[in-house]
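The structure appears below as structure tokens.
Sequential numbering from 1 along the given sequence is applied to the chain's residues. As the structure lists them, so they are numbered: ligands from 1, and atoms in each ligand from 1.
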Amino acid sequence: MTAPPAAIRVGIGYDSHRFAPPGPLVLGGVLIPGEVHLEGHSDGDAVAHAITDAVLGAAGLGDIGEMFSDADPANRGRDSIDMLRSAVKRIEQAGFKVQNVDVVVVAEQPRVGPHRQPMRVRLSQALGVDAACVSVKGKTNEGMGWIGRGEGIACIAVATIVSVEP
Ligand SMILES: [Zn+2]
């Protein structure tokens with residue numbers, strides 16, 4: 001199965017993680033001081049995980065769970081930016097490169113605004129694009145549901161990738 005030439009393809013990714021003490025947490029590759037971190041097998045970086053799934057999905061190359069098994073001790077506490085970089089390498093080997101990424105972070109806390117710029121820089125370096133090609137937006141859930149109660153964080157990402165001429 002080969003991709004059509006010079007195709008633009010889009011992928012979507014979703015991730016959620018539960019908050020737990022102690023802090024700090026890692027989001028979009030940026031350390032955010034506070035009382036909680038994000039629980040998970042890796043460093044719990046839901047932004048990096050959602051983007052990784054969006055990038056892999058755009059290329060039709062599976063998902064983060066397939067690529068980095070929870071059962072593999074090597075992935076325990078792993079830097080999710082490193083996982084993202086590996087996923088980007090995989091799609092590049094398949095003849096694609098990332099074009100742009102847009103992310104929505106849904107949480108009551110922390111507020112994304114003050115961390116947006118460093119996140120864009122960190123993520124763009126892993127994605128191999130200019131920081132202008134990475135967008136990170138924050139939303140609250142208006143106090144509703146598990147997000148509203150501050151139990152955790154949800155992230156939604158889309159990525160476009162383009163096929164590279166050989
Ligand atoms: Zn995750």
Would you call K137-D102 a salt bridge at under 4.0 Å N-O?
yes
Could you pull out all donor-acceptor pairs under 3.5 Å where a side-chain atom in residues 32-40 meets a protein atom, sequence neighbours excluded?
unit_1: H37; atom_1: ND1; unit_2: A20; atom_2: O; d: 2.7
unit_1: H37; atom_1: ND1; unit_2: P22; atom_2: O; d: 2.7

Counting only protein N/O/S, how many atoms fall short of 2.8 Å from the Zn ion (ligand 1)?
3
Would a 4.5 Å heavy-atom cut-off, applied to side chains only, mark E108 and I147 as touching?
yes
Members other than L31 in its cluster, when Ile, Leu, Val, Met, Phe, Trp, Tyr link by side-chain heavy atoms under 4.5 Å?
V26
Could I get the full list of salt bridge (Lys or Arg N to Asp or Glu O under 4.0 Å) partners for K97, not counting sequence neighbours?
none
Supply the atom-to-atom distance S163 OG to I8 CD1, rounded to the nearest 0.5 angstrom.
8.5 Å
